[in-house]
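When a ligand or atom number is given, it counts from 1 through the structure's own listing order.
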Amino acid sequence: MKKLWQLIMPSSSTAAENSSPAVDSECQVLSETYLDCEYKTHLQMAVEHLWKTKNEGDLLTCGIGRKESAAWLAESIIACQQLSEQSAQIVPPKLYLLAHHAASPELIKRCQNILPPEGFVAVRGFFPQSIEDIRYCKFRLIHLDSEIVDSTNDILENLFAKGMLMNGSMIMLDGGLNELDLWTELAQKYSVQFVDLGSYGASGRKFLIHSYEPNAKIFTEDLLSRFERSEIDKDCRRQLTMAVEYLDGAGVKGGIGKFGLSNGGKVLCLLKERLEQEQEQKLTLFVDFRAAEHLKPMFGLLLTQVSLIEGNFLEQLGRISPSQLFRLVHIEEFNEEQVLETLSRLLKNKAIAEGAIILLDDGVNHSHFCDLVKDHNIDYEDLGTYAVRGRKFLIRRYNPVPARTPARDLRILSSFERTAAEKDIRKHLILAVEYIYGADVNGDIAEFGTCEGRTAAWLADAISSCEAYYGPQKQSAIDARFDPKRLYLFDSFEGLPDAVSTVDLQCPHVQTGVWGAATSKALNAPQLRSLCEKFMPGERIEIIEGWYSESMKHFAATTKFSLLHIDCDLYQSTMEVLDVLFDKELIAEGAAILFDDWNPNRASPGFGERKAWSDLLLKYEIEHSNWGSYGWGGQKFLIHSYRKRQ
Ligand SMILES: C[S@@+](CC[C@H](N)C(=O)[O-])C[C@H]1O[C@@H](n2cnc3c(N)ncnc32)[C@H](O)[C@@H]1O
């Protein structure tokens, strides 16, 4: 493996290839002095260390006393990226350069040449005001080269007070030894736990920060004042406080659901302190950050207990989980249709607690609201205006309207029953769905391998029938919220991947091209959705598009699975799916796993899903029952327990 410094040498570096010759030659001269070499090496080592420790946060360099240090940091980022190409998942940090107005344009240009546009931000202005421009960033490396002790003080004071340093970050003071008194004072003031990493260069000093205590007061006041720009904002804040106080007093349980962000999150500010006191009171934020990307870092800072549901409006609604219960719903959305759709979805899901308060930032037309009230038989109290055009309501009681079950198109379902095996597969899928309802197995249903949507449509239809039959029984029997099951559909929508594992490469179906790359490609995601929506409500269908090697890694499940239909043919694909599901313990006790491709490849135990299953049995000590075969190719299992073999 190459060492970092080998990649940074001018002959091989991206920097050297991209940067302008005039600046390059200047750098060449500068980096030939021993002192510069020393500074450069320390900066490179710091970046390499932080990279290896996978710390989060960006890099900040302030001041340009030592002219080339920003460029050295930029080069180090590129070099680290090249070093870690195999583990390509790491998102490279951004480099922020804070420099006064007269900062060398050559240096800025040089950094721009080294780093991609999204990787470099030059902020011009005077300290500490310029810090305000990057107020919501978090840093893993701070390099200070301001030459003026007062500026160093201003900058560090701001970074500590406002919580802008990640724990585990490194601070490098170029004029370090002169600044030691200042450091001692700040470390005391912010209870900084740190390690002194010693000196570097002629007078530099560096520190590793384990932890510190930001000034919570500055932090909160600063944020609150940011969102209290008008009398309307002040009024909203007062009303929100009253709502939460009332809910506390009335003992109404549940979390807080916030839909939309048009005003930049005043609710979050307000609720920050409360949420931190009451750990269980979760805030779920439904937001489309595509329009407000700049606000994203702020939310990370504001709240630790925030669950973020991203995506466009419909995607967000589709992700309201069946177990969610809100005691305060705040909708900051000006499109009336979307406000009504959100409310109606929440009511259908029984996601609004009885006794909850709903705050609509922009109100809704009175007669439209009356329709909603009628549909859901809502017993409510109008609590009057909120903000200027907004309205607030107390929801005493309501009946959820069961999600509409679409009229089943039986012809579509039977058109997939082309052979005796297909008839049998459908029957066994229905039986498996009935089993998880009848035997009370927790969790949702997932299919891996959707292709023409045949089995997905059968599953959707079976879920709807069971929901209609078992739903009311369960609700009254256990007198609790009955969570309707969701259907998760996973596929690349590109057909099979290239076979890469030796198991697959040797299997007959791959060798004859039956399981060739891009075979089994049929419906795309929207077509699959519209097919399945003919059989079950769309808000309970989740389509996860992409290769399993990626989609499974990023799939943050909020559910367990009660039924898995594995129809992705290859050994490798089956492993990519089940290894994650077992490892993250996402498979419920009693879950059914149906393998569609148990007997292909002449039923050889050395290939495909058979081989994957025997590997998994070893890896996870899975206690299971063999539930029999179906069709000519399928095999079913029931899972009792499992744990990773030590
Ligand atoms: C045999 S087809 C599924 C048939 C489907 N159940 C039906 O009844 O129409 C196999 C599917 O698995 C998907 N697949 C296989 N390996 C995959 C992988 N690694 N990532 C994503 N999709 C994969 C393919 O795209 C293909 O749609």
Counting non-hydrogen protein atoms only, what is the nearest one to [atom]? Give residue, atom name and distance.
atom: atom 15 (C) of ligand 1; result: L496 CD2, 3.4 Å
atom: atom 18 (C) of ligand 1; result: Y548 CD1, 3.2 Å
atom: atom 1 (C) of ligand 1; result: D569 OD1, 3.4 Å
atom: atom 21 (C) of ligand 1; result: S492 N, 3.2 Å
atom: atom 19 (N) of ligand 1; result: S573 OG, 3.1 Å
atom: atom 7 (C) of ligand 1; result: T450 O, 3.5 Å
atom: atom 25 (O) of ligand 1; result: D491 OD1, 2.6 Å
atom: atom 10 (C) of ligand 1; result: D567 O, 3.1 Å

- Report the part of P497 in contact with ligand 1, treating N, CA, C, O as backbone and CB onward as side chain, heavy atoms under 4.0 Å; options are side chain, backbone, both, neither.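 P497 to ligand 1: side-chain contact only, backbone stays beyond 4.0 Å.
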
- Message: With a heavy-atom distance limit of 4.0 Å, tell me whether K521 approaches ligand 1 through its side chain, its backbone, both, or neither.
- Response: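 It is neither; nothing of K521 touches ligand 1.
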
- Message: Looking at N599 and W632, would you say the former's side chain and the latter's main chain have a donor-acceptor pair under 3.5 Å?
- Response: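 Present.
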
Numbered atoms and elements of ligand 1 in range of [X], under 4.0 angstrom, heavy atoms:
X: C451; result: 2 (S), 3 (C), 4 (C), 5 (C), 9 (O), 27 (O)
X: E452; result: 9 (O)
X: E576; result: 19 (N)
X: G453; result: 9 (O)

- Could you check whether the rings of F595 and W598 sit parallel, tilted or perpendicular, using 30° and 60° as the cut-offs?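 It falls in the tilted class, 30° to 60°.
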
- Query: Between F582 and Y620, what is the ring plane arrangement, given parallel below 30°, perpendicular above 60°, and tilted in between?
  - Reply: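 Correct class here is parallel.
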
- Query: Quick one: which of S520, P600, A457, A522 has a heavy atom closest to atom 26 (C) of ligand 1?
  - Reply: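 Nearest heavy atom to atom 26 (C) of ligand 1 lies in S520.
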
- Item | Check ion pair K611-D615 (N to O, under 4.0 angstrom) |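 Salt bridge flag = yes for D615 with K611.
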
- For the pair D375 and K348, find out whether any cationic side-chain nitrogen is under 4.0 Å from an anionic carboxylate oxygen.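 Salt bridge flag = no for K348 with D375.
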
Should [X] be counted as touching ligand 1, given the test is an N or O pair under 3.5 Å?
X: H565; value: no
X: L570; value: no
X: E494; value: no

- Task: Applying side chain to side chain donor-acceptor pair (under 3.5 Å), run through D444 and T559 and close with a yes or a no.
- Result: CA-CA 7 Å; D444 293 317; T559 181; 2.8 Å; yes

- Query: Which distance, rounded to the nearest 0.5 Å, do you find between the CD1 of I541 and the CG of L487?
  - Reply: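 Interatomic distance, I541 CD1 to L487 CG, rounded to 0.5 Å: 6.0 Å.
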
- Item | Separation of C466 SG from I463 CD1 (nearest 0.5 Å) |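 I463 atom CD1 to C466 atom SG measures 8.5 Å (nearest 0.5 Å).
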
Would a line drawn from the ring center of [X] to the ring center of [Y] be shorter than 6.0 Å?
X: Y437; Y: Y469; value: no
X: W627; Y: Y435; value: yes
X: F139; Y: Y96; value: yes

- Message: Under the rule for side chain to side chain donor-acceptor pair (under 3.5 Å), what residues qualify as partners of H624, not counting sequence neighbours?
- Response: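 By the side chain to side chain donor-acceptor pair (under 3.5 Å) rule, H624 matches no residue at all.
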
- Task: Mark the output for A456 as yes if a heavy-atom distance to ligand 1 is under 4.0 Å, and as no if none is.
- Result: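 Contact check A456 vs ligand 1: negative.
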
